[in-house]
J.: 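Would you mind keeping the following structure in view while I ask a few things?
So you know, we letter chains A, B, ... as the sequences are listed, proteins then strands, and number each from 1. What you see below is based on every heavy atom in this structure, not just the backbone, and it leaves out hydrogens, waters and symmetry mates.
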Amino acid sequence: MRLSKYFIPTLKEIPSDALIPSHQLMLRAGMIRSLGAGVYSFLPLGYRIIKKVMDVIRDEMDAIGGQEFHLPALNPLELWEETGRAKDFGDTMFHLKNRPLVLAPTHEEVICQIAKNHIKSYRALPQIWYQIQMKFRNEPRPRSGVIRGRQFFMKDSYTLDATWEGLDKGYELHAEAYKKIFTRAGLKYFIVGASSGAMGGSASQEFMIESESGEDTCAVCDHCGYAANLEVATSNIPKAQREKESKEIQEIHTPNVGTIDELKEFLKVDERFLAKSLVYMQDKTPVLILMMGNDQLNETKLRAVLGADVRPCRQDELLMLTGADAGSIGPIGLQGFKIIVDKRLKGGNNLISGANKNDYHLGDIDLQRDVKVDGYYDLRIINAHEPCSKCNSPLRIVNAIELGHIFKLGTKYADAMHAYYLDEDGKEKPIIMGSYGIGVERMMACFIEQNHDKHGIIWNKALTPFHVHLVMVNSNNEKVVSVAENLYTKLQQSLIDVLFDDRDDVSPGFKFKDADLLGIPLQIIVGEKNVIHGNVEMKDRRTSKREIVELGKVVSFVEKYLES
RNA sequence: CGGGAUGUAGCGCAGCCCGGCUAGCGCGCUUGCCUUGGGCGCAAGAGGUCCCGGGUUCAAAUCCCGGCAUCCCGACCA
């Protein structure tokens, strides 16, 4: 491709709306342009890279037996009502105004519908179906360039199985394929256990890259490799120590003490003797939740215990139900409450908690003696430096970007849509599904986040838009022009993708800057000072190492480089 | 959806408080000359709904009201 004819509008200055490196560089390198919040046009160079990413994904999906589909983005609203997900997605799904159609944010329903109509026997299972297609989500706040957009490419795949062992196998195949995809794409990633959320199902893992601009938070152990989304992460933080003697409950006057920190200061006691109370509503049942000290409640963990519909109790409800305001609530003397306790408090005695009377607390509560506990669960958000639950090394808390997510769905969709097959005994059974996604633009953006310097992007061989960047330095020098033109032809004849900077109206410095910005990993620099000796210069974009190569050996040099 | 900021040429910005002459600067763009190993120089040009609508005023980019858009923080995020 001749740069003089190719549409690559590079920018010298950084557009002010772009804050993170990948977004800035994608704009500056002429790969994308914004059309509206969270909506991007891919220009020719950017789309070339998208296609490279898709190639890698497609290759590995085909390798595990995936069959590529192309499913419609327009879906009947009715289909989404069948599974109840029209309501679950709510405003996140785009609805058309002039027909009862929606723009699909994912494709479980469509897949399940096809399976329902055509998979009638266990003999037709298992199946791995996938597609790489545009997804639409009405994100309330798109951000970080293409990392969170309102429309984006996703590779989504689905396993259909007759047995739970089959699901496990399909899930494992995907986990392995994903590792290969991200490794080939040159991404430094880690895998975390994740919440399966409203997708339902039993197991779920996310493929993440660590990034300051990430929207997810993960706990990571650098020692043993444990990593988990904070939604589900656990640690070995010390539990309550039961004291030898349980003292008698006593009322303590605590005027103007609201928060745990104030209580700690007022009573001069260790945080681990304090039991913080929170009240949530599970349908019409109030639930009192006890946490140790100032431990924060993890709502994802809470929902896993109580169901998705729990909500924090309102202030007016709180006063009516307990007779006190937040800050003076406690587990003693409540009527009609369910009481659940964070595991960390298990066995605790001589604890201090609210008295359900404003400005009073109760001291020396023994959970075993005084409280009817409906269950102990892990409910807390872990903090940095807490000991790893596997190896006790201090955990790090990092921001991360989710590149891929794999789910064991089970029969949720088959049940809702009556997608049944006949098993060996002629019995009707629901098809067991798994669902697996990769964000295509995110792979591209994350690669740039991890591979750039102050001059621009540094592609690797798998994702680079062209194999080599041929820079003709002195376009007024006949010898240089003829050598560069000749090389361009020869390289193309050897099936090497060349971006040829043949512009004659641009100074050498400009060409070098553009080459570094675009980041093609190997630059061939044809300039006067080397050409007169029958040589050209090879520059490695990543290391900036330069090597002088004889003209006749350029093609074989490049071929060797590409194979290495 | 709550909080904050911004909106002036393709891009980056100044001007706005404190209303007033033809709305300005850098980059980019066009033309000519020049230059050719790190965003080159000189000269001449083109390019504007000052986000939109309303109001105040002799006079509005500037003040007031309403709206829209974009970005950031938070909430949300299968």
J.: In the strands shown, is B:G53 matched to any nucleotide by a Watson-Crick or G-U wobble pair with both distances under 3.5 Å, and which?
T.: B:C65
J.: Under 3.5 Å for both donor-acceptor distances, Watson-Crick or wobble: does B:C25 have a partner, and if so which one?
T.: B:G12
J.: Would you say A:K169 has more than 12 foreign heavy atoms packed within less than 6.0 Å of its NZ?
T.: no
J.: I need the CE-P distance between A:M26 and B:C11, as an integer number of Å.
T.: 19 Å
J.: Give none if B:C77 has no partner; otherwise give the nucleotide forming a Watson-Crick or G-U wobble pair with it, both distances under 3.5 Å.
T.: none
J.: Count the heavy atoms of every other residue, nucleotide or ligand shown that sit under 6.0 Å from CD of A:E78, and state whether that count exceeds 12.
T.: no
J.: Using Watson-Crick or G-U wobble geometry with both distances below 3.5 Å, tell me the partner of B:A5, or none.
T.: B:U70
J.: For A:F89 and B:C76, what is the distance between atoms CZ and C1' respectively, to the nearest whole Å?
T.: 13 Å
J.: From CD of A:E231 over to P of B:C76, roughly how many Å is that when rounded to an integer?
T.: 10 Å
J.: Would you mind telling me which residue lines up with the more 5' stretch of RNA chain B, A:I14 or A:E299, judged by nearest nucleotide?
T.: A:I14
J.: Write down the distance separating the P atoms in B:C25 and B:A43, rounded off to the nearest Å.
T.: 14 Å
J.: Across the strands shown, which category fits A:M472 at heavy-atom distances under 4.0 angstrom: base, sugar-phosphate, nothing?
T.: nothing
J.: Using the P atom on both, measure B:U62 against B:G55 and round to a whole Å.
T.: 14 Å
J.: When you look at A:F207 and A:F182, which way does the ring pair (Phe, Tyr, Trp, His ring centres under 6.0 Å) test go after all the steps?
T.: CA-CA 9 Å; A:F207 291 72; A:F182 298 130; 5.5 Å; yes
J.: Looking only at atom P, what distance separates B:A61 and B:A23, rounded to whole Å?
T.: 10 Å
J.: With the sugar-phosphate defined as primed atoms, P, OP1 and OP2, and the base as all remaining atoms, what B/S/- string results for nucleotides 67-73 of chain B, 5' to 3', for protein heavy atoms under 4.0 Å?
T.: ---SSBB
J.: What is the pairing partner of B:U31, taking Watson-Crick or G-U wobble pairs with both distances under 3.5 Å in any strand?
T.: B:A43
J.: Using atom C1' of each nucleotide, how far apart are B:G67 and B:G20 to the nearest Å?
T.: 29 Å
J.: In whole Å, what is the span from the CD atom of A:E139 to the P atom of B:A75?
T.: 15 Å
J.: What does nucleotides 25-40 of chain B look like as a protein-contact string, B for base, S for sugar-phosphate only, - for none, at under 4.0 angstrom between heavy atoms?
T.: -BSS-------BBBB-
J.: What interatomic distance, in whole Å, is found between C1' of B:G2 and the corresponding atom of B:G39?
T.: 44 Å
J.: I'd like to know whether A:Y158 forms a ring pair (Phe, Tyr, Trp, His ring centres under 6.0 Å) with A:H174, so could you lay out the CA-CA distance, the side-chain angles of the two residues, the decisive distance to 0.1 Å, and finally the verdict.
T.: CA-CA 10 Å; A:Y158 306 87; A:H174 274 84; 9.1 Å; no
J.: Expressed as a whole number of Å, how far does the P atom of B:A5 sit from that of B:C64?
T.: 14 Å
J.: Rounding to an integer number of angstrom, what distance separates B:G26 and B:A69 when you compare their C1' atoms?
T.: 26 Å
J.: For A:R33 and B:C11, what is the distance between atoms CZ and P respectively, to the nearest whole Å?
T.: 9 Å
J.: Side chains of A:N138 and A:T92: any donor to acceptor distance under 3.5 Å?
T.: no
J.: Here's a test for you: under side chain to side chain contact (heavy atoms under 4.5 Å, CB included), which of A:M417, A:E109, A:Q113 qualifies with A:E82?
T.: A:M417
J.: Quick one: does NZ or CZ of A:K135 land under 6.0 Å from the six-membered ring centre of A:F152, within 45 degrees of the ring axis?
T.: no
J.: Between A:W459 and A:F466, does the ring centre distance come in under 6.0 Å?
T.: no
J.: Using the C1' atom on both, measure B:G28 against B:A9 and round to a whole Å.
T.: 11 Å
J.: For the pair A:D378 and A:T234, evaluate side chain to side chain donor-acceptor pair (under 3.5 Å) and give the outcome as yes or no after the intermediate values.
T.: CA-CA 8 Å; A:D378 171 30; A:T234 58; 5.4 Å; no
J.: Will you find, in the side chains of A:Q131 and A:H107, an N or O donor that is under 3.5 Å from an N or O acceptor?
T.: yes
